[in-house]
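Data first, discussion second: the structure below is written as structure tokens.
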Amino acid sequence: MKGNVIKYTQDNVDTDVIIPGQYLKIHDYAELATHAMEGLDPDFHSKVKEGDFILSGKNFGCGSSREHAPIALSHSGIKAVLALSFARIFYRNSVDGAFLLPIEIEQNAYDGISEGDEITINVSLNEIKNITKNQTYKMKPFSEIIGKIITAGGLFKYNPDQN
Amino acid sequence: MGKTLFEKIWESHIVVEKQNDPSLIYIDRHLVHEVTSPQAFEGLRMNNRKVRRPDLTIATMDHNVPTTDRSLPILDQTSSVQIQTLEKNCKEFGIKLFDINSPNQGIVHVIGPQLGITLPGTTIVCGDSHTSTHGAFGALALGIGTSDVEHVLASQTIWLEKPKPFEIRVEGKRKNPHAVTAKDIILSIIKNIGTGGGTGTVVEYRGDGITDLSMEQRMTICNMSIEAGARAGLIAPDEKTFDYLRGRKYTPKNYESLVDFWKDHLKTDSDAKFEKQFTLHIDDIAPQVSWGTNPGMTSDVTESIPSPDEFSKGDSNQKKGAEKALDYMALKPGTAIEDIKIDRVFIGSCTNARLEDLIEASKVIKGQKISPNVQAMVVPGSHMVKKQAEEMGLDKIFINANFEWREAGCSMCLGMNPDILSPGERCASTSNRNFEGRQGTGGRTHLVSPVMAAAAAIKGHFVDVRKMDLS
């Protein structure tokens, strides 16, 4: 995966800024995506491109269990969120619905990658390459079953008997 | 080695066990509401699946229902569609629904215990993060997203990474338990351990500061476990738990034999090991008021707004977070909490809208009027809470003080129905999240207990309720 980074230099990006409660009634995902990150970054919708990544600090996706949060990001074009840590419900929602990859990073990636940097993510090598800055960072590997759910394309395509 | 209560419940629900990986866990109760379920039912339909255990699945509508006159049509078209969709789905899949006109309707986490659906030792899930509330009864209760809701509907199981047991001890005795409440205990805990302090854990709350609490107060504690990032929070059941559930609408027929079993099994062994530990001494804690945009940004009512430097203790992201929060909240460091003027008061939510919360708040306002600059509302947690409160005459106390007395629902906790703050409005709220825009775009939320909210309504600013006569 290759893309550019939109960076939020902060901890605790919560579900209510990712997709504010008033939009949880929207069933059309394309329309939902127009409100992604609206609570934190009103320019997000105009700047995000297909294939972009979000980079942020600790406890990304804290708060509500709304799956609308990864859905809104995914339908905005976001393929992965890189964060120092994730709230667990957001993490599982991202994986279970195959909306995006929640990638746990180390401090060196958080500090090293800037807004707009072009990076590649290689999940099989657990490696992130910063093309803009010519740096390489390690990502924390997915656990075995999470990796299998991701490979299968979501919870409903995952068949434990075949693995 | 002994086992924790959480480990005992976990082990008794394993369908497929995996080391260092998610295990397949059986679910005893699945609670469903209108917002996080439509896509899950759609998924079942698309794949010609049925609900595996409709008898263990219970639905209600709470998130976007209006709290005004229920005999009138719902004006918000999209809310109306979502509510009708739940009705249609429950009918098609044979699920019991407490609809908008049911005497059992209410916030899903208020009605579960009230109806005796929540039971000790069970696993409970719901597409709502505050499912942790049910842990007050010694249940393993987890919030899940819509994909998992579909998975549970189809299979009555979920794949779950085993959380680590985290012991939070609450020790001591509050000098004035009417003024310093369960809400102040849990806000103090989150202030200390942080919003990520419980990530990947199931908290067991223990100690005399916990066993002293009533069941409704224990629910307030467990409810906000998720605000510390915990997967769930629970409290070992005791006589208070068993008494609370005895004789409720759906309490099982063989209840007394279950109680005997629970007494023997549902406790942490003396030699069990927790992976994490925190102790809060509550003898001298003060009423709490949040000043920022996450529940960890909280101070004693007697304190002033901290500077971002003081708050962050050298962590640059914390500092930036505090600066951003103060900007959003339009507050300056050094301002006394008691000098913060408010525009709105919301007494409601799955955290603090049970009968006891309303009784305590009513004591503060009895015979008084709210400040002319404040608009205040009470949204009971369930239709049943509302009815019980009305039988006690609490509605009249609130209405005479110029509070609005509404119908049950989630209401202004998350701003999905018409009950929202206007941009810039400042609210003393008994809810659980003070995130930016949570109660309406640009709205400013201060989390407090019901008595603190009631006192703020009267005075027009925060006051230390310990100075008031609450007997």
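Please read all numbers here as calculations on a predicted model, not as lab measurements. The sequence lines fix the lettering, A, B, ..., with proteins before strands; numbering per chain opens at 1.
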Exercise for review: Just do the side-chain contact (heavy atoms from CB on, under 4.5 Å) check on A:Asp14 and B:Asn294 with the steps written out, would you?
Suggested key: CA-CA 9 Å; A:Asp14 62 68; B:Asn294 72 52; over 6 Å; no
Check your understanding: Using a cut-off of under 4.5 Å for heavy-atom pairs, which of B:Glu42, B:Glu150, B:Lys324, B:His130 has the most such pairs with chain A?
Key -> B:Glu150
Exercise for review: Side chain from CB out, backbone as N, CA, C, O: work out which of these in A:Tyr23 comes under 4.5 Å of a heavy atom of chain B, or both, or neither.
Suggested key: neither
**Study point:** Best-contacting candidate, B:Leu414, B:Leu24, B:Val35, against chain A by heavy atom pairs under 4.5 angstrom
**Key:** B:Val35
Practice item. List the steps and the verdict of side-chain contact (heavy atoms from CB on, under 4.5 Å) for B:Asn64 and A:Lys25. Key: CA-CA 9 Å; B:Asn64 66 24; A:Lys25 292 171 271 191; 3.9 Å; yes
Check your understanding: Which heavy atom in B:His151 sits nearest to a heavy atom in A:Phe156, and how many Å separate them?
Key -> N-CZ, 3.4 Å
Review point. Looking at B:Ala154, B:Pro163, B:Gly145, which has the largest count of heavy-atom pairs under 4.5 Å with chain A?
Key: B:Gly145
Review point. Between A:Asn12 and B:Thr195, does a side chain to side chain donor-acceptor pair (under 3.5 Å) hold up when you go through it step by step?
Key: CA-CA 8 Å; A:Asn12 300 313; B:Thr195 49; 3.0 Å; yes
Practice item. Inspect the surroundings of NZ in B:Lys164 and state if more than 12 heavy atoms from other residues, nucleotides or ligands are less than 6.0 Å away. Key: no
Point to revise | Side chain / backbone / both / neither for B:Gln439 at chain A, heavy atoms under 4.5 Å | key: neither
Check your understanding: So, for B:Asn317 and A:Gly57, which heavy atoms are closest and what is the spacing to 0.1 Å?
Key -> ND2-CA, 4.2 Å
Revision key, fill the gap. Cut-off 4.5 Å, heavy atoms of chain A, and the answer for B:Arg438 is both
Study note, to complete from the structure: Most heavy-atom pairs under 4.5 Å with chain B, out of A:His27, A:Glu38, A:Gln22, belong to A:His27
Exercise for review: Apply the test side-chain contact (heavy atoms from CB on, under 4.5 Å) to residues A:Arg88 and B:Thr199: give CA-CA distance (whole Å), side-chain angles for both, the deciding distance (0.1 Å), then the verdict.
Suggested key: CA-CA 7 Å; A:Arg88 298 320 291 178; B:Thr199 301; 4.0 Å; yes
Practice item. With a 4.5 Å cut-off on heavy-atom pairs, point out which of B:Val16, B:Thr36, B:Thr146, B:Asp128 contacts chain A the most. Key: B:Thr146
Check your understanding: Should the heavy atoms of other residues, nucleotides or ligands under 6.0 Å from NZ of B:Lys50 be counted, would the total exceed 12?
Key -> no
Exercise for review: Please check if atom NZ in A:Lys2 has more than 12 non-hydrogen atoms from other residues, nucleotides or ligands closer than 6.0 Å.
Suggested key: no
Check your understanding: Quick one: what part of B:Asp76 sits under 4.5 Å from any heavy atom of chain A, side chain, backbone, both or neither?
Key -> side chain
Check your understanding: Is there a donor-acceptor pair under 3.5 Å between the side chain of A:Arg66 and the backbone N or O of B:Gly127?
Key -> no
Review point. How many angstroms lie between CD1 in A:Ile149 and CH2 in B:Trp159, if you round to the nearest 0.5 Å?
Key: 7.5 Å
Check your understanding: What part of A:Phe60 lies closer than 4.5 angstrom to a heavy atom of chain B: side chain, backbone, both or neither?
Key -> neither
**Study point:** Whether over 12 other heavy atoms sit under 6.0 Å from A:Lys129 NZ
**Key:** no
Revision key, fill the gap. Between the CD atom in B:Gln39 and the NE2 atom in A:His68, the distance rounded to the nearest 0.5 Å is 5.0 Å
Point to revise | Residue among B:Gly194, B:Ser316, B:Ser79, B:Gly437 with most heavy-atom pairs under 4.5 Å to chain A | key: B:Ser79
Check your understanding: So do B:Thr78 and A:Ile26 actually touch side chain to side chain, heavy atoms under 4.5 Å?
Key -> no
Practice item. Please state whether the side chain, the backbone, both or neither of B:Ile226 comes within less than 4.5 Å of a heavy atom of chain A. Key: side chain
Study note, to complete from the structure: Applying a strict 4.5 Å limit to non-hydrogen atoms, the region of A:Tyr8 in contact with chain B is neither
Practice item. Indicate yes or no: at least one non-hydrogen side-chain atom of A:Ile89 is less than 4.5 angstrom from one of B:Arg231. Key: yes
Exercise for review: Tell me, for A:Ile71 versus chain B, whether the close heavy atoms (under 4.5 Å) come from the side chain, the backbone, both or neither.
Suggested key: neither
Point to revise | B:Asp21 side chain vs A:Glu144 backbone, donor-acceptor pair below 3.5 Å | key: yes
Review point. When rounded to the nearest 0.5 angstrom, what is the spacing between OG1 in B:Thr293 and CG in A:Asp16?
Key: 11.0 Å
Revision key, fill the gap. Under 4.5 Å to a heavy atom of chain A? For B:Glu161 that would be both
Check your understanding: Any chance the side chains of B:Ser147 and A:Glu67 put a donor and an acceptor closer than 3.5 Å?
Key -> yes
Practice item. Show your working on side-chain contact (heavy atoms from CB on, under 4.5 Å) between A:Ser64 and B:Phe435 and close with a plain yes or no. Key: CA-CA 11 Å; A:Ser64 160; B:Phe435 297 156; over 6 Å; no
Point to revise | Non-hydrogen side-chain atoms of A:Leu24 and B:Met416 separated by less than 4.5 Å | key: yes
Check your understanding: Side chain, backbone, both or neither: which part of B:Asp315 has a non-hydrogen atom closer than 4.5 Å to chain A?
Key -> side chain
Review point. With chain B, which of A:Gly63, A:Gly21, A:Gly39, A:Pro20 has the greatest number of heavy-atom pairs at distances under 4.5 Å?
Key: A:Gly63
Point to revise | Residue part contacting chain A, namely of B:Gln82, when any heavy atom lies under 4.5 Å | key: side chain
Review point. Is the closest basic N to carboxylate O distance between A:Asp11 and B:Lys320 below 4.0 Å?
Key: no
Check your understanding: Quick check: are there more than 12 heavy atoms from other residues, nucleotides or ligands sitting under 6.0 Å from CG of B:Asn47?
Key -> yes
